[in-house]
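Structure first, commentary second.
A note on names: the letters A, B, ... follow the listed sequences, proteins ahead of strands, and every chain is numbered from 1.
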There are 2 protein chains.
Amino acid sequence: MEAVKAEPNITPRSLSKQARRKQLIEATIKCIADKGLSGTTMADVTQQAGLSLGIVNLHFQTKEKLLIETLSYISNEYTTGLNEIFNDEKLTTEQKILAHINFDFSRKITDRNKLAVWFAFWGETKSRPTYMSICASYISEIATNLTQLFAILKQQGGYSAVDPDLVCTCYTALSDGLWLDLLMTPKGLKPAQAQTVAMHYLTTQFPDHFKN
Amino acid sequence: MEAVKAEPNITPRSLSKQARRKQLIEATIKCIADKGLSGTTMADVTQQAGLSLGIVNLHFQTKEKLLIETLSYISNEYTTGLNEIFNDEKLTTEQKILAHINFDFSRKITDRNKLAVWFAFWGETKSRPTYMSICASYISEIATNLTQLFAILKQQGGYSAVDPDLVCTCYTALSDGLWLDLLMTPKGLKPAQAQTVAMHYLTTQFPDHFKN
DNA sequence: CAACTGAATGAACAACCATTCATTTTTAGT
DNA sequence: ACTAAAAATGAATGGTTGTTCATTCAGTTG
């Protein structure tokens with residue numbers, strides 16, 4: 001674990017306040033991936049960021065707030081990416097769903113450091129209402145959008161037997177489970193294969209649109 | 001959180017050594033569910049068990065060993081249940097698969113305290129090789145058995161297009177994801193509904209055997 | 001009933017770690 | 001160049017927690 005600065009030739013304090021916060025959050029992600037949520041100390045995070053011990057208090061007040069901001073950071077990154085797809089007027093419904101899957105198994109999302117952070121927080125949600133409510137809000141937002149896409153495709157494609165809510169629940173659970181697979185058995189399952197598994201399920205529901 | 005003894009009328013020390021270990025492990029499960037892995041202290045666990053602080057050291061030497069035994073305990077409970085099904089000579093392949101799903105979404109397995117423990121450990125696997133290897137062993141054992149069941153059903157049922165490995169990966173990921181759903185949105189998804197979702201997937205693969 | 005065994009207890013200890021804040025360093029304004 | 005404000009530092013602090021072990025106590029044996 002080496003200290004890494006965001007930009008080699010720029011002194012640390014020339015970065016703006018917001019950039020410093022981002023630097024600390026990304027150091028936190030790396031630390032959680034390397035040492036776990038319980039094993040991550042303030043000394044670890046600040047050393048990973050190449051800064052001094054007191055810096056977290058200056059920007060986040062407490063460790064707990066830093067952790068909450070870290071969860072919000074990866075949640076926002078995910079929902080923002082999906083909303084861009086959902087709101088893209090140039091894409092057809094079919095293309096949006098394909099783009100959604102593509103995004104779910106892209107490098108950015110299946111990065112094992114970030115997957116470790118997701119599961120670290122998920123593992124604590126039952127005992128931490130704050131984590132729980134952050135997760136609950138992005139979950140329902142994404143489900144609403146995705147269900148709507150499936151409903152449109154059902155109508156347009158004449159898939160009378162398809163239940164959009166069921167397909168949304170099933171697809172979401174499937175991708176969560178595949179992420180767990182990518183985290184736990186990285187030697188066994190690669191992101192591209194995981195995407196194939198997800199496509200395999202969608203093919204069963206919309207065979208005319210998604211051929212294997 | 002109240003101290004609860006295993007048997008009201010039996011004094012603590014009349015329990016055998018093994019029963020005492022089980023008592024402590026179950027107290028640990030409750031604590032992890034209530035306070036998270038990082039928030040669980042030795043004082044919490046022993047108080048939950050209604051025993052004194054030093055007892056864990058007597059039976060498990062260290063906290064880390066108690067946690068490892070706790071992960072092994074729930075892993076064994078799960079794999080033992082599945083192996084009983086897999087080895088039951090009286091069941092047909094189709095019945096074994098049905099029993100497998102039934103078990104995955106039974107009360108015993110979808111108990112939110114235990115789900116919280118599963119995800120708590122999964123969230124730390126990347127940084128803890130010991131947790132990782134415990135998980136790796138049960139994962140591969142179950143996958144081997146389940147893939148075999150699907151392969152037999154493919155042959156018997158004439159499902160020439162089915163890929164048993166793919167279906168096993170997909171089903172396993174799906175049930176892991178549904179467990180996450182049960183943990184995170186208990187108000188939204190009930191175990192019986194989760195089971196319906198899992199059945200829905202199997203129906204797409206083996207329509208003659210598993211009708212909706 | 002007395003001596004013995006080992007399970008259980010919990011006060012005390014030592015290590016760890018989040019947080020504080022007096023001091024130093026950098027930047028921006030004039 | 002000088003000054004004031006802002007940012008960053010890191011030694012010191014205090015609270016928490018895993019672990020230890022001398023002592024207590026229940027159950028058993030002869």
ring-ring contact (aromatic ring centres under 6.0 Å, His included) partners of residues 28-83 of chain A, not counting sequence neighbours, each pair once: A:Tyr78-A:Phe103, A:Tyr78-A:Trp179

Spacing of B:Leu66 atom CG relative to D:dT17 atom C1', expressed in whole Å: 15 Å

Taking side chain to side chain contact (heavy atoms under 4.5 Å, CB included) as the criterion, tell me which of B:Thr204, B:Ile101, B:Thr203 meets it with B:Phe210. B:Thr203

Which nucleotide in D:dT17, C:dA8, C:dT19 has an atom nearest any side-chain atom of A:Met42: C:dT19

B:Lys35 NZ to D:dT17 C1', in whole Å, measures 12 Å

Need one value for A:Thr40: base, sugar-phosphate or nothing, where a base atom within 4.0 Å counts as base even if backbone is also close, heavy atoms only. sugar-phosphate

Under the ring-ring contact (aromatic ring centres under 6.0 Å, His included) rule, what pairs show up with a residue in residues 187-206 of chain B, not counting sequence neighbours? A:His200-B:Tyr201, A:Tyr201-B:His200, B:Phe150-B:Phe206, B:Tyr159-B:Phe206

Going by an N to O cut-off under 4.0 Å, is there a salt bridge joining B:Asp44 and B:Lys35? yes

Given atom CD of A:Glu64 and atom C1' of C:dA18, what is their separation to the nearest angstrom? 12 Å

Non-neighbouring partners of A:Ser175 that pass side-chain contact (heavy atoms from CB on, under 4.5 Å), sequence neighbours left out: A:Asp104, A:Phe105, A:Tyr171

Which of residues 52-61 of chain A have a heavy atom under 4.0 Å from DNA chain D? A:Ser52, A:Leu53, A:Gly54, A:Ile55, A:Leu58, A:His59

With A:Thr28, which of A:Leu71, A:Leu66, A:Thr46, A:Leu37 fulfils side chain to side chain contact (heavy atoms under 4.5 Å, CB included)? A:Leu66

Just how far, in rounded Å, is C1' of C:dA15 from NZ of B:Lys63? 14 Å

Between C1' on D:dA26 and CZ on B:Arg20, what's the gap in Å once rounded to a whole number? 12 Å

If only atom types and distance count, is the side chain of A:Glu124 paired as donor or acceptor with the main-chain N or O of A:Phe121 below 3.5 Å? no

A:Arg21 atom CZ is separated from D:dA7 atom C1', nearest whole Å, by 15 Å

Pairs in or reaching into residues 112-122 of chain A: which pass side-chain hydrogen bond (donor to acceptor under 3.5 Å, both in side chains), with residues at least two apart or in two chains? A:Glu77-A:Lys114, A:Asn113-B:Lys126, A:Trp122-A:Tyr138

Minimum-distance nucleotide to B:Leu51 side chain [options: D:dT9, D:dG18, C:dT9]: C:dT9

Terminal axes of the helix from C:dC1-D:dG30 to C:dT30-D:dA1 (5 end pairs apiece), angle rounded to 10 degrees, sit apart by 10°

Tell me: CD1 of B:Ile68 to C1' of D:dG18, nearest whole Å? 15 Å

Phosphate contact (D:dA7 OP1 or OP2) by A:Lys17 side-chain N/O below 4.0 Å: yes

Test side chain to side chain contact (heavy atoms under 4.5 Å, CB included) on B:Asn57 and B:Thr62 and set out the steps. CA-CA 6 Å; B:Asn57 173 256; B:Thr62 65; 5.9 Å; no

